[in-house]
Amino acid sequence: MASSAQPPKSGVRVIVVGAGFAGLTAAIECHRKGHDVLILESFPELKILGDIISFAPNSGRIFQRWPGVDAQLDPIIHKSDGLLIKTYLGETLTKQIWDAEGLAYGKAYNGHRGEIHEIVYHHALDIGIDIRLGYKVDDYFETEDEAGVVANGERFVGDVVLAADGVRSKGRTIVLGYEDKPKSSGYAIYRTWFDSARLAEDPDTAWMVTNGDRHCAWLGPDIHFIAASIKNGKDFSWVCTHKDEADIEESWQAHAPLADALKVLEGWDPVVLKILKATPDPLIDWKLVYREPLPTWISPKRRIALIGDAAHPFLPTSIQGASQAMEDGATLGVCLTRGGKTHVQEAVAAFEALRYERVRAAQKTGEKTRDTWHKVDWKEAKKDPESIKLKRGSWLLNFDAEEYAEENYSRTVALLHDPVAVRALHRPNAIK
Ligand SMILES: Cc1cc2nc3c(=O)[nH]c(=O)nc-3n(C[C@H](O)[C@H](O)[C@H](O)COP(=O)(O)OP(=O)(O)OC[C@H]3O[C@@H](n4cnc5c(N)ncnc54)[C@H](O)[C@@H]3O)c2cc1C
């Protein structure tokens, strides 16, 4: 499936702001199509940050198109047959089988965010993408003919700018015409990643880390706890989503004492409490930011597009944030090729039209699962265990963003004069 053949140069100059998964994917996909790409990233150096992240089959197929990437990712990803779902007291409710999804839709890649990011980042460098670290973009501008940014006092000009600058995006201001501040979602997540050796020593927790990987969710009132082992049980990660009204600072480096999580999980399944006992102190405490869906992701002159979390932050219960960020990049690669240098604005508008309703539908799955998981009617859940499984289906997972954009580009462009109709055209069938 992977091919390293380089198409002829298109002459389209793409500036990407941010080297997260949205920015890197857009850059790699644009490079694959022969566009000239420059990435500006504010981090001064690459760091292995974060913990567990999930890429479902709809983005797994994008990794698979990048020569050598699957072979590097395969040894470091989580491999279990499914997600065991339990009550907070430890009673098993059901098991959602991943194998069935994998066979039907393709390979998923779940692993350490920093480790996966490092592989993708180096792939981008290896294929010759110009990535400049330590470039913080402060300003965006556009005319009918060009778009650009200012970073570290330097001006960079291209045909199109892709603002992949995450949940606190600066690119939003030029797109929306006002500064859009994130709000608290009312939830925060304790998170951690550590070596599983201590868990292997205790018979009550050893099942999670021996004889392969395991994945288990415990559901409680307005709280859920998910644990996974990775690399054949060697590494271990857990996340605990809980109520939190404190503030809206979202940082991957803010810490909380383990004691805070112990308090929140008091009285839970002894297995959960033993996992906590084996967890190094402190935890990451990630405040979950919420944003209303944006009315648009593209600038007035249609030369700047928001992509990834900058356009559409996801709740973790969707397990789709990173996948949808990657789909944006694959779609843009196609749109900019089909539009070419003379029709960049049309390509940018088509990108938004192709993606908007699908992303919204994917976001809603996360809201639905969060609400279901935090307000479980235990009697009903036991009668109908299907009701508490993650809301995933063929429309979401068995989707090839590149192929979809190729097949639908022309009719999307033909309908751009009618914004409501063109978005409705791409509302997923399951939702229509
Ligand atoms: C350090 C870090 C750790 C994370 N860890 C996890 C995790 O463990 N699990 C998980 O599910 N998700 C994690 N995420 C979020 C996850 O990567 C995203 O939700 C998802 O992959 C979508 O990616 P994105 O590229 O849109 O946004 P991000 O991954 O947030 O990437 C945005 C990038 O833009 C850069 N940037 C921001 N502002 C500017 C600017 N003005 N100029 C230049 N560059 C700028 C940022 O430094 C960052 O590299 C993490 C994100 C970050 C930044």
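Ligands are counted one by one from 1 in listed order, and the atoms in each one are counted from 1 as well. Here the structure is a predicted model, which means the values were calculated and not measured. Below, each value reflects all heavy atoms present in this structure, side chains not excepted, and no hydrogens, waters or symmetry copies.
For the residues D328, V137, N152, the heavy atom positioned nearest atom 41 (N) of ligand 1 is part of V137. Among L306, I52, N110, the residue whose heavy atom sits closest to atom 10 (C) of ligand 1 is I52. With atom 30 (O) of ligand 1 as the reference point, the heavy atom nearest to it among P313, G171, G166, G321 is part of G166.
Residue I53 places no N or O, backbone or side chain, under 3.5 Å from any N or O of ligand 1. Ligand 1 has no nitrogen or oxygen under 3.5 angstrom from a nitrogen or oxygen of V167. Looking at ligand 1, you won't find any N or O of K170 less than 3.5 Å from one of its N or O atoms. Between K136 and ligand 1, no pair of N/O atoms sits closer than 3.5 Å.
The atoms of ligand 1 that sit less than 4.0 Å from any heavy atom of A322 are 20 (C), 21 (O). If you number the atoms of ligand 1 from 1 as listed, the ones under 4.0 Å from a heavy atom of D51 come out as 7 (C), 8 (O). Annotation for ligand 1: atoms under 4.0 Å from non-hydrogen atoms of G50 are 5 (N), 8 (O). Of all the atoms in ligand 1, the ones that sit under 4.0 Å from a non-hydrogen atom of G18 are 33 (C), 34 (O), 35 (C), 44 (N). Taking every non-hydrogen atom of Y135 and a distance limit under 4.0 Å, the qualifying atoms of ligand 1 come out as 42 (N), 43 (C). Those atoms of ligand 1 that come under 4.0 Å of a heavy atom in L49, given as number and element, are 1 (C). In summary, the atoms of ligand 1 found under 4.0 Å from a heavy atom of V17, numbered by their order in the structure, are 42 (N), 43 (C). Proximity to G308 (heavy-atom distance under 4.0 Å) selects the following atoms of ligand 1: 26 (O).
Contact analysis leaves W286 out of contact with ligand 1, as no non-hydrogen atom separation drops below 4.0 angstrom. At least one heavy atom of E41 sits under 4.0 Å from some atom of ligand 1. Using a 4.0 Å heavy-atom cutoff, H117 is absent from the residues neighbouring ligand 1.
If you look at L40 next to ligand 1, the close heavy atoms, those under 4.0 Å, all belong to the backbone. Contacts between K47 and ligand 1, counted as non-hydrogen atom pairs separated by less than 4.0 Å, are absent for every part of the residue.
In this structure, NZ on K301 lies 9.0 Å from CD on Q345, to the nearest 0.5 angstrom. Taken from CD1 in I116 to CD1 in I48, the straight-line distance is 11.0 Å, to the nearest 0.5 Å. The distance from the NE2 atom of H215 to the CG atom of D81 is 11.5 Å, given to the nearest 0.5 Å. Distance check: M326 CE to R61 CZ gives 11.5 Å after rounding to the nearest 0.5 Å.
Both the sub-6.0 Å distance and the 45° axial angle are satisfied by R155 relative to the ring of F141. Under a cutoff of 6.0 Å and an axis angle of 45°, K170 and Y140 do not form a cation-pi pair.
Looking at W238, F225, W373 one by one, the single match for ring-ring contact (aromatic ring centres under 6.0 Å, His included) with W218 turns out to be F225.
By the 4.0 Å N-to-carboxylate-O rule, E367 lies too far from K364 to be salt-bridged with it.
Ring planes of H117 and F21: perpendicular class, angle over 60° (limits at 30 and 60°).
Proximity of the aromatic rings of H123 and Y121 is defined here by a centroid distance below 6.0 angstrom, and this criterion is not met. Outside the 6.0 Å centre-distance limit, the rings of W193 and F236 are not counted as a close aromatic pair.
Under the 3.5 Å distance criterion, with hydrogens and angles disregarded, no donor-acceptor pair is assigned to the side chains of R392 and Q320.
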